[in-house]
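Here's the structure, in structure tokens; my notes come after.
A note on names: the letters A, B, ... follow the listed sequences, proteins ahead of strands, and every chain is numbered from 1. Note that the structure is a prediction, hence the values are computed from the model and not measured.
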2 protein chains.
Amino acid sequence: MARPREFDEGAVLDAAIERFWLRGYEATSVRDLADEMQIAGASLYNAFGDKRGLYAKALNRYLDQTFRERIRRIEPAMPPREAIEVFFKEIIKRSLSDKQRRGCMLVNSAIESAPFDPGFLSIVAIFLDEVEAFFLRCVSKGQKDGVVTRAHSASDLSKSLLGILLGIRVLARVRPERALLEGLLRPVLAMLDDARGPRGSLSR
Amino acid sequence: MARPREFDEGAVLDAAIERFWLRGYEATSVRDLADEMQIAGASLYNAFGDKRGLYAKALNRYLDQTFRERIRRIEPAMPPREAIEVFFKEIIKRSLSDKQRRGCMLVNSAIESAPFDPGFLSIVAIFLDEVEAFFLRCVSKGQKDGVVTRAHSASDLSKSLLGILLGIRVLARVRPERALLEGLLRPVLAMLDDARGPRGSLSR
DNA sequence: GCCAATCTAGATCGATCGTTCTATAACAAC
DNA sequence: GTTGTTATAGAACGATCGATCTAGATTGGC
């Protein structure tokens, strides 16, 4: 029994993601956001509380729409060793086609906004756990299937993959070059293979 | 024939590094900086031009005092395979003892301030090349000595090492945990070893 | 048709931003 | 000691920050 919203929350959140992703939290003003979202400042505050609340919602939506979507789509669709490879190759492809050098909003948040905001830090830390868990499932399954090396624990390997993922996304923001990102990935994927030789790699 | 500086440029730059490293470029105000540097705002502008110029000088000094110092010290002092290992272990040690979670000012700059400032971007990009070149020298020498695998090109391996380095430094800011960073490193170091078995690793 | 509730746009708030100005202090050269 | 030059401290500048207020518009319930 009141006046309804004139905007679609998902659409304006996508616009907010765009600004925050490109410029970060501090360098994006509420006026920038309201312009990009095509709503008035008062509507922004009415709907999302404050700049902080908007950022948290935008970050969560970003994670859902990019990483979580990717994991949900890839993991059940192919064997674990391939899932890891496709996961990384999709991310490199996106990094190379990112003409604005936005990089990765997760990494940007982890570096810029999370360290001094417990709410942001929690979102980032929890999600890093999710990615590590995804890698861990893939590596463990791959080891059981005999397509991933047992020379290292699944725990260590999944941590290495997490580290490489973050490194790729840093480079995506500052040196998004095909030779760099694809060259970087080759030894890492081979690291998963048994010393007796790879089995199940898409790259052969 | 004029009034001399009352402050030591290196000392006040160290103070500026401290603030910028912890909070980043945007979230650090000139008043924060002047307080930490214990000089007046006018002296800051007189000596460094503007906030941007101060940041550039602070970042370059940081790179000199941490990374470049480490490379200069380690590279001539030990065989290449050990140099890589010691390099990473020092960085993990520093990451774990960083109670303020400052992470790495290079990575923080790459993510937060470099993408929209050509001057900062140049400093970061040039330095990433330096680190990659260090890894490339170590890997190439190690391959010639037979202590690093020839299964991948020195170019690819050094790119992987660069990626892992950046990943470690992202995690240092948000999840500085020993089990994570040390676990992450093990498969990466083993990646350098020949499939026939490691030779020259410090970890055995 | 009126009420209560929630939306909208735009003006406006005090605070803080990066930067500059004013006035004075400390040196070297002569 | 005077002069020229640069450094100092602190006030001050206009601009912009995140956030709120004012006023009016739009709905459902009665």
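A donor-acceptor contact under 3.5 Å links the side chain of A/R3 to the base of D/dA25.
Using a 4.0 Å heavy-atom distance criterion, A/V30 is classed as a sugar-phosphate-only contact.
Remark: P of C/dA9 and OH of A/Y45 are 16 Å apart, rounded to the nearest angstrom. For the pair B/Y55 OH and C/dG18 C1', the interatomic distance rounds to 17 Å; values are reported in whole Å. One interatomic measurement links the two molecules: CZ of B/F48 to P of C/dT20, which rounds to 16 Å at whole-angstrom precision. Distance A/L54 CG to D/dA19 C1': 14 Å, rounded to the nearest Å.
When distances run from any side-chain atom of B/N46 to the nucleotides D/dT8, C/dT8, D/dA19, the shortest one goes to D/dT8. Distance from the side chain of A/A2 is smallest to C/dA5 among C/dA26, C/dC7, C/dA5. Of the candidate nucleotides C/dC17, C/dT8, D/dC17, D/dC17 has the atom lying nearest to any side-chain atom of A/S29. Checking C/dC17, C/dT8, D/dA7 against every side-chain atom of B/R31, the shortest atom distance belongs to C/dC17.
The salt bridge (charged side-chain N to carboxylate O under 4.0 Å, His left out) test with A/D98 is passed by exactly one of A/R94, A/R102, A/R101: A/R102.
In the model, A/K159 has a side-chain atom that pairs as donor or acceptor with a side-chain atom of A/S155 under 3.5 Å. Between the side chains of B/T28 and B/Y55, no donor-acceptor pair of N or O atoms lies under 3.5 Å.
For the pair B/S43 and D/dT8, the criterion of a side-chain N or O lying under 4.0 Å from OP1 or OP2 is met.
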